[in-house]
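On a predicted model such as this, the values are computed, not experimentally measured, just so you know. Protein chains get the first letters and strands the later ones, always in sequence-line order, with residue 1 at the start of each.
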Protein chains: 2
Amino acid sequence: MKINEGVEWAVHCCLNLSWVAPDRTVTAAKLAAFYNLPTAYLNKQLQALGRAGIVSSISGPRGGFQLARRPEKITLMDVIAAIEGPEQAFRCTAIRQRGPAGDLDAADGYRKPCAVSQAMRTAEFVWRKELASRTVADIKAAVERSTPQAPARVRRWFDNSRT
Amino acid sequence: MKINEGVEWAVHCCLNLSWVAPDRTVTAAKLAAFYNLPTAYLNKQLQALGRAGIVSSISGPRGGFQLARRPEKITLMDVIAAIEGPEQAFRCTAIRQRGPAGDLDAADGYRKPCAVSQAMRTAEFVWRKELASRTVADIKAAVERSTPQAPARVRRWFDNSRT
DNA sequence: GAATAGGTACTCGGATAATGCCTGTCCGAGTCTAGTGGG
DNA sequence: CCCACTAGACTCGGACAGGCATTATCCGAGTACCTATTC
């Protein structure tokens with residue numbers, strides 16, 4: 001059980017995009033250089049964010065990525081769903097129905113839900129709900145509170161790095 | 001992000017062990033046959049449960065596994081921790097501190113916690129808490145409520161399968 | 001001098017390898033049982 | 001008849017391969033910009 005590290009990258013990229021001018025585009029290369037990340041792989045993650053409608057991309061010179069919505073409208077759950085895909089972490093393989101034990105279930109036509117699966121899904125649901133309640137704007141505000149100079153610094157770095 | 005399917009197997013095995021006589025041992029082969037699972041691999045998961053103190057194992061003829069504590073004392077979190085290991089699902093790789101961006105953090109001696117990591121950990125914590133509040137006994141009760149004949153049937157099957 | 005056409009450089013986008021973890025399997029160590037021989 | 005010993009079989013336990021998802025990389029499609037040429 002491990003969350004793709006692309007999720008961490010994606011959230012940080014959303015933050016950085018929220019600090020540069022809203023209409024400015026930032027290339028994947030710049031975003032990667034900021035954290036010493038592999039450019040092409042980060043680009044892949046940004047593509048996923050694009051497909052999810054979190055960022056919009058522009059090709060060609062002066063192209064790059066920018067947030068497609070306001071940070072208040074981007075939840076951590078959105079980002080995770082974009083990177084990780086729609087699958088649940090816990091996948092019920094219905095082992096109840098395999099082997100001799102299955103007869104009991106078969107008699108019921110598999111109507112009864114699996115209590116194990118239910119409990120796991122409930123737990124996963126509270127996790128998702130918590131993540132859905134946190135927006136990029138919340139994280140942004142938290143960072144600005146603990147490190148007030150961060151936004152200006154990030155903005156300056158991305159401005160200066162433009163040759 | 002995917003939970004090892006051994007977790008599902010382990011919980012079902014704990015349930016079955018809770019239904020046979022408390023002092024009876026059940027071999028990994030029997031538990032595997034009940035769901036048509038690969039015996040050796042299930043054995044591996046049961047070993048993990050053993051190391052975590054959830055089941056106890058006895059070698060040799062008439063050996064096998066049995067619950068090491070009462071079902072009320074075994075939470076789903078215990079089982080998951082036993083199978084998945086102690087690692088968190090979200091692992092902060094501290095990308096903040098890598099590359100040019102790191103200078104800002106370095107100036108602070110990395111004192112400020114990463115807001116992204118904090119949010120992810122909070123979400124994971126509610127997940128863990130939910131799982132820690134569900135015991136095997138709870139699942140057991142839920143199954144017995146929806147399928148009252150299950151316990152007797154399981155018990156009978158494991159008794160009969162003893163040649 | 002202005003406009004246009006062509007070339008060039010730059011960026012995203014998806015297709016293509018390499019790596020690591022999860023899944024699956026195997027054989028050895030230990031232990032209980034049962035049978036056998038002796039007292 | 002009872003006991004001790006030995007051989008056997010059975011089970012867990014950890015060490016050893018295979019498959020798939022994640023990680024990483026590369027090259028092509030498309031676009032904007034710049035330049036040179038022409039009116």
Side-chain angles (χ1 to χ4, degrees), chain A residues 1-10 13 17 24-33 35-52 54-66 68 80 82-91 93 95 158 161-163, chain B residues 1-10 13 17 24-33 35-52 54-66 68 80 82-87 89-91 93 95 161-163:
Chain A
M1 180 184 46
K2 174 168 160 283
I3 291 182
N4 294 1
E5 59 181 326
V7 169
E8 185 183 7
W9 304 357
C13 284
L17 287 175
R24 261 208 57 183
T25 60
V26 182
T27 67
K30 298 280 168 57
L31 287 167
Y35 294 126
N36 265 13
L37 300 175
T39 303
Y41 190 34
L42 176 62
N43 187 29
K44 193 181 181 64
Q45 316 293 351
L46 291 170
Q47 285 174 37
L49 291 183
R51 276 189 294 272
I54 294 172
V55 303
S56 59
S57 60
I58 300 176
S59 276
R62 297 244 152 200
F65 294 90
Q66 56 189 358
I80 289 181
I83 304 291
E84 293 279 347
E87 292 267 9
Q88 294 247 4
F90 179 84
R91 290 141 203 205
T93 57
I95 61 173
F158 279 103
S161 76
R162 176 177 293 272
T163 327
Chain B
M1 181 184 46
K2 174 167 158 286
I3 291 183
N4 294 2
E5 58 182 326
V7 169
E8 185 184 7
W9 303 359
C13 284
L17 287 175
R24 261 208 57 184
T25 61
V26 181
T27 68
K30 298 281 169 55
L31 287 167
Y35 294 125
N36 265 14
L37 301 175
T39 303
Y41 190 33
L42 176 62
N43 187 29
K44 196 180 179 67
Q45 316 293 352
L46 291 170
Q47 285 174 37
L49 293 183
R51 276 190 294 271
I54 295 172
V55 302
S56 59
S57 60
I58 300 178
S59 274
R62 296 245 152 198
F65 294 90
Q66 57 190 358
I80 289 180
I83 304 291
E84 294 279 347
E87 293 268 7
F90 179 84
R91 289 138 204 208
T93 57
I95 61 174
S161 77
R162 176 177 292 273
T163 329

Check residues 44-52 of chain B and write down every donor-acceptor pair under 3.5 Å in which the side-chain atom is one partner and the other belongs to a residue at least two apart or another chain.
residue	atom	partner	partner atom	Å
B:Q45	NE2	B:Y41	OH	3.3

Quiz item: How about B:V26 and B:F65: do any of their side-chain heavy atoms sit closer than 4.5 Å?
Solution: no
Quiz prompt | Candidates C:dT25, D:dT23, C:dG13 - which lies nearest the side chain of A:N43 | solution = C:dG13
Quiz item: So does A:Q47 get a side-chain nitrogen or oxygen closer than 4.0 Å to the phosphate oxygens (OP1/OP2) of C:dC12?
Solution: no
Exercise. Verify the contact: side-chain N or O of A:N4 to OP1 or OP2 of D:dT23, cut-off strictly under 4.0 Å; return yes or no.
Key: yes
Quiz item: Would you say A:E5's side chain and B:R91's backbone share a donor-acceptor pair under 3.5 angstrom?
Solution: no
Quiz item: Within this structure, what is the NZ-to-C1' distance between A:K44 and D:dT22, rounded to whole angstrom?
Solution: 10 Å
Quiz item: Between atom CD1 in A:I83 and atom P in D:dT22, what is the gap in whole Å?
Solution: 12 Å
Exercise. Check the distance between D:dT22's P and B:I3's CD1 and give it to me in whole angstrom.
Key: 14 Å
Exercise. Provide, to the nearest angstrom, the distance between the CD atom belonging to A:E84 and the C1' atom belonging to D:dA21.
Key: 11 Å
Quiz prompt | Whether B:E8 side chain and A:T93 backbone form a donor-acceptor pair below 3.5 Å | solution = yes
Quiz item: Under a 4.5 Å cut-off applied to non-hydrogen side-chain atoms, are B:F90 and A:I3 in contact?
Solution: yes
Quiz item: How long is the line joining CG of B:L46 and C1' of D:dG13, in whole Å?
Solution: 12 Å
Quiz item: How long is the line joining CD of A:E8 and C1' of D:dT23, in whole Å?
Solution: 15 Å
Exercise. Sequence neighbours left out, what passes ring-ring contact (aromatic ring centres under 6.0 Å, His included) with B:Y35? Give chain and number order.
Key: B:H12
Quiz prompt | Donor-acceptor contact below 3.5 Å, side chain A:T25 vs main chain A:G63 | solution = yes
Between the protein and nucleotides 8-11 of chain D, which nitrogen or oxygen pairs come in under 3.5 angstrom?
residue	atom	partner	partner atom	Å
D:dT11	O4'	B:G60	O	3.1

Quiz prompt | C:dT23 phosphate, OP1 or OP2, under 4.0 Å from B:Y41 side-chain N/O | solution = yes
Quiz item: What integer distance in Å separates A:E5:CD from C:dC21:P?
Solution: 12 Å
Quiz prompt | Nucleotide of C:dT23, C:dC12, D:dC26 approaching A:S57 most closely (side-chain heavy atoms) | solution = C:dC12
Exercise. Report the distance from atom NZ of A:K2 to atom P of C:dT19, rounded to the nearest whole Å.
Key: 16 Å
